[in-house]
Amino acid sequence: MSSWMGKVLWGNDEISRHIESGNWDQSILGPPSEWPACLKAAVNIMLPSKAQIVLFWGTDFVALYNEPYAPTIGQRHPRAFGRPAKENWSELWDDLAPLLRRVLETGETVAAKDRPFYIERHGYPETVYFDISYSAIRDEERIVRGVFCIVNETTDRVRADRALQESEQRLRAVVSQSAAGIGQASLEGQILHVNNRFCEIVGYEEQELLGKNIKEITYPDDMAEQSRLFTRLAETGESFDMEKRFIRKDGSLVWVNNTVSPLRDSEGRIHQVAIVSVDITERKKVQQVEQQLASIIASSNDAILGIDFAMTITAWNAAAERLYGYAAEEIIGQSVLILVPDDRLAEEPVLLNRIKTGVAVEPYETKRRRKDGRLVDVLLSVSPIYDSAGKVVGASKIAHDITARKEAEQLQAVLVGELHHRVKNVFATVTAIARQTFSKEIEAQQAVAAFEARLSAMAHAHDLLAQGDWQRAELAAVVGQAVAPYPSERFDISGPPVLLHQKAVASLSLALHELGTNAAKYGALSVPTGIVSIKWNYDMDTGSLQFRWQESGGPDVAIPTRRGFGSRLVERLLAAEMNGKSTIIYDPGGVICQIEAVLLPSH
C-alpha cells in the first residue's frame with residue numbers, strides 16, 4: 001500500500017504484507033490510512049524491530065504484533081492479529097487485563113523480569129515466562145490510546161535455571177549426606193571445601209580443615225606416591241585412585257580409598273581437584289586377617305583343602321600336596337572322592353549333610369588315599385565355609401598325618417604286651433616260690449593264700465595302668481576292679497571322675513583288697529544282708545580327695561586286739577602314697593575307712 005507521506009511504511013515480512021493486503025477496511029481498526037498518527041508511528045516502530053513486540057489498541061485491546069512475536073502465541077497466529085485480546089488470550093485474561101488497564105488508565109510503565117503467564121498456545125496448558133515492558137501509546141493530546149509491549153520470552157532460560165538449581169540442590173544434598181568424604185582442593189593441596197563425612201573420617205571440624213594442606217593429614221609413607229599421581233594429574237588431567245592413610249586429629253590412622261579428579265575453569269584449564277574418600281579401614285582389617293589366614297594355611301603342616309557341595313576341590317595348600325602327592329593344579333576341580341578309600345566313600349555325604357546345617361565335624365581318625373595309591377592315617381576335622389551373606393557354601397577339611405603316631409602306638413602296644421607278659425611271669429614266679437618255700441601246715445597255707453591274693457591285687461592294679469599310659473588310672477576303675485569278686489548288688493558306689501597317679505593306684509588297690517577280704521571274712525560281706533557303701537568327693541581346684549568305705553548290715557564289730565598287715569597297710573602305706581591320712585574306725589554297726597588325700601598336679 002502507499003505511504004501516508006508518499007513513502008512505503010511497511011516491510012516485506014508476512015505481517016507487513018497482511019496489513020498491506022487491503023483486507024482491513026472492514027476491520028475493527030479500519031483502513032491503516034485512517035489510523036491515528038500515534039498508532040501509525042507505533043506500528044512503524046514495531047514491524048521492522050527484531051524484538052518481540054505486541055501492541056494493544058483501544059479499550060478493546062485490539063492486538064497487533066510483529067513477526068518475531070508471532071511464535072510466542074503459537075497456534076493463535078494469525079487469527080489473533082487485529083482482534084481483541086480477550087478473544088485469544090482468554091485463559092490468561094484475568095492475569096493480563098489488569099496489567100493492560102493499568103497502563104491504559106494511568107499511563108505508567110509496567111515492567112517485570114521472568115514474569116510467569118499461564119497459556120495454552122500449543123493446545124496444552126503451560127506456564128511460560130517473559131521479561132516485559134508495557135508502556136503507553138499517547139496521541140497528540142497526550143491521551144493514552146494503547147499499550148506498547150516489548151517482551152522477551154525467557155521460558156527456556158528460566159526452566160534451565162530452575163533445573164540447574166534443582167540439580168545443584170540435589171548435588172548439595174548428595175554431597176552433604178554422602179557416605180563418602182568429598183572435598184575440593186587447590187593444585188597446591190590447600191583444602192577449600194569438605195562435606196560432613198570427610199570431617200568424620202579425619203576427625204576434624206570443617207573450620208579446622210579449611211585452609212589446611214592435604215599433606216598435613218597424610219601419613220608420611222604415602223606421600224611419595226600421592227605426590228607422583230598428583231603431579232601427573234596436574235600435567236595430563238588424568239584422574240587417579242589411591243589407597244592411603246589419613247592421620248586423624250587424635251593421631252590414629254584411617255585407611256581410605258581416595259579418588260582424585262581435575263576441576264577445570266571456563267577456559268578448560270585445571271585449577272582445582274575434587275577428592276572423594278571412602279573409609280576402607282574395616283576392609284583393610286579384613287584383608288589383613290585374610291592375609292594372615294592365607295599365610296597360616298599356606299605354611300601349615302596340616303593338609304588343608306576346600307570343597308563345595310558338589311564335593312569338588314576348590315582349594316589346596318602345600319601341606320596337602322606333601323601329604324597326598326597331588327599338585328594344586330592337578331587336583332583343584334577334581335572330586336574329593338579321589339582321596340577317599342572305597343570302603344569309606346559313605347563318609348563324605350554324611351559329613352556334607354552336617355556341614356550344610358552349619359555344624360562342624362570334630363576331629364576323628366580315618367584313612368585317605370594318596371596319589372600313589374597308598375593309604376595314610378589322618379586325623380580329620382571338617383568345618384563350614386560361609387560366604388559374605390553368612391550362607392554355608394562349602395567345607396574346609398584339615399587332615400593331620402598321624403601315620404607316625406599310629407606306628408608308635410602299634411609299637412607301644414607290642415612293647416606293653418611284652419612287658420605285661422613278663423610282669424605276669426614275675427608275679428607267677430614269686431607265687432610259685434612262695435608255695436614251695438612255705439611249709440604245708442594249715443597256717444602257712446593260709447599265709448600263702450593271703451600273699452597270693454595280695455599279689456593278684458597288685459597284678460590287677462598293674463593291668464589298669466597297662467591299659468592307659470602307665471602313669472594314671474581312674475579311681476572308679478580301681479574301685480570296680482577291687483569289688484569285682486563280690487556280688488555287685490552288695491555295693492553302693494558313687495563319686496566323680498578322679499585320676500590317680502601310679503603309686504596311689506597300687507596302694508589303693510591293695511587297701512581295697514584288704515578291706516574287701518576283711519569284710520568277706522568278718523564284716524558286711526560275710527552275711528547275706530550286708531552292704532558296703534563306697535563314696536568319694538573331689539575338689540578340682542585344690543586337689544582334695546575325700547574317700548569313705550562304710551559297711552552296714554553285717555555282724556557287730558569289735559575292736560581287734562592287734563593290728564594286722566591290712567590295717568597297717570591302710571593306715572600307713574596308703575596315707576603316705578596318697579599324701580594325706582587314712583583312718584579305720586571299728587564302729588559297732590560296721591567298719592569305716594576314711595581317706596583324706598591331696599592329689600598333687602605333678603602326679
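Values reported hereafter were calculated over all heavy atoms of this structure, with side chains retained and with hydrogens, waters and symmetry mates removed.
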So how far is it from [X] [atom1] to [Y] [atom2], rounded to the nearest 0.5 Å?
X: Met311; Y: Ile338; atom1: CE; atom2: CD1; answer: 13.0 Å
X: Lys215; Y: Ile191; atom1: NZ; atom2: CD1; answer: 12.5 Å
X: Ser186; Y: His271; atom1: OG; atom2: NE2; answer: 11.0 Å
X: Asn195; Y: Gln184; atom1: CG; atom2: CD; answer: 11.0 Å
X: Glu282; Y: Gln287; atom1: CD; atom2: CD; answer: 11.5 Å
X: Leu229; Y: Ser239; atom1: CG; atom2: OG; answer: 11.0 Å

Where do [X] and [Y] come nearest, in terms of heavy atoms and distance?
X: Leu380; Y: Arg368; value: CD2-NH2, 3.4 Å
X: Val532; Y: Ala524; value: CG2-CB, 4.2 Å
X: Asp308; Y: Ala310; value: OD1-N, 2.9 Å
X: Val393; Y: Tyr386; value: CG2-C, 4.2 Å
X: Leu599; Y: Leu500; value: CD1-CD2, 4.0 Å
X: Phe246; Y: Lys244; value: CE2-NZ, 3.4 Å

Is a donor on one side and an acceptor on the other found under 3.5 Å between the side chain of [X] and the backbone of [Y]?
X: Ser252; Y: Arg248; answer: no
X: Asn537; Y: Ser544; answer: no
X: Asn317; Y: Asp302; answer: yes
X: Ser533; Y: Gln550; answer: no
X: Asn213; Y: Glu188; answer: yes
X: Ser277; Y: Asn258; answer: no
X: Asn518; Y: Glu514; answer: no

Heavy-atom distance under 4.5 Å between the side chains of [X] and [Y], does that happen here?
X: Gln334; Y: Tyr326; answer: no
X: Leu508; Y: Ile595; answer: yes
X: Arg369; Y: Leu375; answer: yes
X: Arg197; Y: Asp279; answer: yes
X: Val498; Y: Phe547; answer: no
X: Trp536; Y: Ile493; answer: yes
X: Leu512; Y: Val483; answer: no
X: Val350; Y: Val361; answer: no

- Derivation and outcome, side chain to side chain contact (heavy atoms under 4.5 Å, CB included), residues Asp221 and Arg245: CA-CA 9 Å; Asp221 289 358; Arg245 287 156 287 186; 4.0 Å; yes
- State which residue, out of Val505, Val479, Leu499, fulfils the side chain to side chain contact (heavy atoms under 4.5 Å, CB included) condition with Glu474. Leu499
- Message: Tell me whether the count of non-hydrogen atoms from other residues, nucleotides or ligands lying under 6.0 Å of CD in Glu489 goes above 12.
- Response: yes
- Query: Quick one: do the Thr403 and Asp377 side chains pair a donor with an acceptor below 3.5 Å?
  - Reply: no
- Query: Who pairs with Arg283 by side chain to side chain donor-acceptor pair (under 3.5 Å), at least two apart in sequence or on another chain?
  - Reply: Glu243
- Item | Parallel, tilted or perpendicular: rings of Trp316 and Tyr324 (30°, 60°) | tilted
- Message: Assess the residue pair Leu305 and Leu339 against the criterion (side chain to side chain contact (heavy atoms under 4.5 Å, CB included)); give the C-alpha distance rounded to whole Å, side-chain angles, the decisive distance to 0.1 Å, and a yes or no.
- Response: CA-CA 11 Å; Leu305 59 97; Leu339 307 175; 4.1 Å; yes
- Would you mind checking if Arg228 and Glu225 are paired as a salt bridge, meaning a charged N to carboxylate O distance below 4.0 Å? yes
- Message: Taking the basic N atoms (NZ, or NE/NH1/NH2) and the acidic carboxylate oxygens, is any pair closer than 4.0 Å for Glu347 and Lys367?
- Response: no
- What do the steps show when you test Gln546 against Asp539 for side chain to side chain contact (heavy atoms under 4.5 Å, CB included), and what is the final call? CA-CA 9 Å; Gln546 305 287 330; Asp539 187 333; over 6 Å; no
- Take Lys397 and Val336, measure what side chain to side chain contact (heavy atoms under 4.5 Å, CB included) needs, and give me the verdict at the end. CA-CA 10 Å; Lys397 309 182 76 172; Val336 73; 4.1 Å; yes
